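Input: a single structure, listed below in structure tokens.
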Amino acid sequence: MTFKSILDEIENNLKKILFDLSMSDVEFSVEPAKPGFGDVSSNVSFLLAKSLKKSPKEIAEILSEKYSSCTSTLVLKSDAHPSGYLNFFANWTKLGQLILSESYLDTCGDVELGNGSSIVVEHTSVNPNKALHIGHIRNIIIGDTVSRILGKAGYKVNVLNYIDDSGLQVADIIVGFKHFGYAEEPPNGKKFDHYCGDDVYVKTTEKYEVDSSLEEIRKNVLKELEDGDSETAKFGDKITRRVLAGQLETCWNFGVTYDCLNFESQIIRSGLWSEIFEKLKEMKLVEFENEGKNAGCWVIRGDGKEEDKVIVRSNGTATYIAKDIPYAAWKLGLLGDPFNYKKYKKPQTGNRILWQTTLKETAKISKNFTGEKVVTVIDSRQANLQKIITVLMDKFKSVPDAYNHLGYESVTLSSNTAKTLGLETDGKQAQMSGRKGLYVSADSVYDILKEKTKEETKKRHPEMDDSEIEIIAHSVSVGTIRYEMIKQDLDKIITFDLTKSLSLEGDTSPYIQYTHARASRILEKSGRVPTIDVDFTLLKENSELDLIKNIGLFNLQVRDAANNLSPKVIARYCYDLAVSFNSFYEKSKVLELGDVELENSRLCLVNSFKIVLEKALDLLGIQAPDRM
RNA sequence: GGGCCUAUGGCGCAGCAUGGAUAGCGUGUUGGACUUCUAAUCCAAAAGUCAAGGGAUCGAAGCCCUUUGGGCCCA
């Protein structure tokens, strides 16, 4: 049981009181109080003010009076604040014991939301023609964090990465290799995904701008790609898989893993499209246009003022939505599964097995990576398209809100960072562009951070051996990037600056990780094994109670984050938890107090903090070293 | 022309879903704290017409309407 216990107790008692007043249909709130207003607050008196024709203050006083005769185990007293709030003070001896005992359990923080139902999270889905840049990283970290949170909330999560291996961007690098003579092996041992993105792709697209006759070559390559048996398709497959391998390496380095890779080329060849197209026609969700500018096309009718959306052109070719619709339906398990599955050749970090789709009959392994619900992480520039798919899927699937587009704003470059890449912007931020070579790669940001954190760690611990420094620098670098990508709201643009965004102080991952190291150090130095068999009445300082309270809020935060698909909730929680520990750390010594009982009680608290912080950080994919 | 997002101390953000107490945090600035369980830390000070205007409400940073600035999508 956690802090939720006292909220539930108060809510139930208030409900009883309201029932006696025959006011039971009021939806009041019972929430952790703001600092200085007790432990729990309720707005109930405001809501009753009108119907009872009394001031909130008077009502709070009446309710407080009535509350004193309720049976309560965790509430010490209630208090009517002059503002009208009804505040409660906890019996911390009991509540503290409940919270700290709970924190020692494996299930701490678990939430019963999914109840074992399956949910698909699709993220990453970067064209396999370039290395991942800092903008892609935002998508990947959001997706990975949401997956972890949903897992904690009781869902069976299937994480998918959609590989768009048959589009224009892939055609472009093939043109580069086949017609402009780029060597297949990158020079100077450069990572293959970087080579394709920095050199082949950028330089090839530059040539299009100079010579428009090259457009013809590109079109032909694109056409050849669609025929799976062509030489071009086979070559394309080889190249994209090699780029993909490089991208996956970056993802794994950031602690991100998947369950299955879905290849667009296979979706196109699988026949899923014609299956869904027939269904769409049957259900009259697509219509054939006889007149107007879309004459001869199959369209989805726009809602109200919206434009109709063409999905099959008059020449019979499908538009790119036509690739997304069957995939979306497949993810929801609405279509037969045309795929077989085989293991990806290289194992991921951790225990998760990575599968990939295949159309080959030799691999007769069937799997189920679909979900009763789907979350698709794509930036909000694609909101229009995603809305069409959401509306369509709602009509197919009886479950409401089965298909969810989790949108987020893009990452732009600060004018200073753009300048270092050779673009003058007049002090304005700049949109990244793979085609123009205007981006900061994820690997390079990691490398810069790692150098910086290595230096910092060496300075602090001259005696430490290189392998330990390596591990610390890795987790701090990964943590810094992950936290930076997640800590603010999804609908805020992140302006990335090579120097400013890589701070290690303040509201950052290293701050939180450092706090963990402090706790670890206390436990290590104590030389004792902390237990929950301690005297909880000794924990009565404000900084101690505040820390206990924060520890007890963990599962409430997980619920909030999962319900709203909001990873930043957990980031904020980790930060708040760390702040309250640092406050405790400054005010209350733990060791060498000359009072073994008190030491043990505080050690129990420190350990509880450490356990919960580790679990919360794990949801962010951040590891906390014991020393740093 | 239509649509989506956004505006809160110098800078970067939280709070808005579900209106109610004293609008929080980081950074920067100024000053202070390492012989102490690690200073990637902590404490203090200065700094806010919550974009502007209007509306409903006993009560608005939050809800509704209008306008403006910034970003994006579609045509």
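So that the names make sense, note that chain A is the first sequence line, chain B the second, and so on, each numbered from 1. It should be emphasised that the depicted structure is a prediction, and the values quoted were computed from it without experimental measurement.
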Give none if [N] has no partner; otherwise give the nucleotide forming a Watson-Crick or G-U wobble pair with it, both distances under 3.5 Å.
N: B:rA7; answer: B:rU68
N: B:rG31; answer: B:rC43
N: B:rC63; answer: B:rG55
N: B:rU18; answer: none

Given the 90°-from-0 boundary between syn and anti, B:rC72 should be labelled anti
Base, sugar-phosphate, or nothing for [X], non-hydrogen atoms under 4.0 angstrom?
X: A:Asn582; result: sugar-phosphate
X: A:Lys589; result: base
X: A:Ala517; result: base

Rounded [atom1] spacing from [N] to [M] in Å:
N: B:rA23; M: B:rU6; atom1: P; value: 24 Å
N: B:rU22; M: B:rA17; atom1: C1'; value: 24 Å
N: B:rG53; M: B:rA39; atom1: C1'; value: 49 Å
N: B:rA60; M: B:rC16; atom1: C1'; value: 11 Å
N: B:rG32; M: B:rC72; atom1: P; value: 46 Å
N: B:rU49; M: B:rU8; atom1: P; value: 12 Å
N: B:rC63; M: B:rA45; atom1: P; value: 32 Å
N: B:rA51; M: B:rG10; atom1: P; value: 13 Å

Measure from [atom1] on [X] to [atom2] on [N] and round the result to the nearest Å.
X: A:His516; N: B:rA40; atom1: NE2; atom2: C1'; value: 15 Å
X: A:Lys500; N: B:rG28; atom1: NZ; atom2: P; value: 12 Å
X: A:Glu11; N: B:rU18; atom1: CD; atom2: C1'; value: 13 Å
X: A:Asp379; N: B:rU6; atom1: CG; atom2: C1'; value: 16 Å
X: A:Tyr408; N: B:rC5; atom1: OH; atom2: P; value: 17 Å
X: A:Lys428; N: B:rG69; atom1: NZ; atom2: P; value: 13 Å
X: A:Phe37; N: B:rG24; atom1: CZ; atom2: C1'; value: 13 Å
X: A:Tyr575; N: B:rG12; atom1: OH; atom2: C1'; value: 13 Å

Requested in this report: For A:Ser380 and A:Ala383, indicate whether the former's side chain and the latter's backbone hold a donor-acceptor pair under 3.5 Å.
Outcome: no
[X] with [Y]: basic N within carboxylate O range, under 4.0 Å:
X: A:Glu544; Y: A:Lys540; result: no
X: A:Lys452; Y: A:Glu456; result: no
X: A:Asp626; Y: A:Arg521; result: no
X: A:Glu614; Y: A:Lys610; result: yes
X: A:Lys454; Y: A:Glu470; result: yes
X: A:Glu287; Y: A:Arg301; result: yes

OP1 or OP2 of [N] less than 4.0 angstrom from a side-chain nitrogen or oxygen of [X], does that happen here?
X: A:Lys568; N: B:rC25; answer: no
X: A:Arg602; N: B:rC37; answer: no
X: A:Lys459; N: B:rA40; answer: no
X: A:Tyr511; N: B:rC42; answer: yes
X: A:Lys309; N: B:rC74; answer: no
X: A:Gln513; N: B:rA40; answer: no

5'-most contact on RNA chain B (nearest-nucleotide basis), A:His461 vs A:Arg381, goes to A:His461
Between A:Ile472 and A:Arg572, the residue closer to the 5' end of RNA chain B by nearest nucleotide is A:Arg572
Side chain of [X]: nearest nucleotide among [options]?
X: A:Glu586; options: B:rC37, B:rC42, B:rA21; answer: B:rC42
X: A:Asp560; options: B:rG71, B:rA40, B:rA17; answer: B:rA17
X: A:Lys492; options: B:rC37, B:rA21, B:rA14; answer: B:rA14

Step by step, would you call A:Lys587 with A:Ser543 a side-chain contact (heavy atoms from CB on, under 4.5 Å)?
CA-CA 7 Å; A:Lys587 289 183 186 123; A:Ser543 60; 4.0 Å; yes
- Message: Base of B:rA14, side chain of A:Asp489 - is there a donor-acceptor contact under 3.5 Å?
- Response: no
**Message:** So for A:Ser41 and B:rA21, does any side-chain atom that can act as donor or acceptor lie under 3.5 Å from a complementary atom in the base?
**Reply:** yes
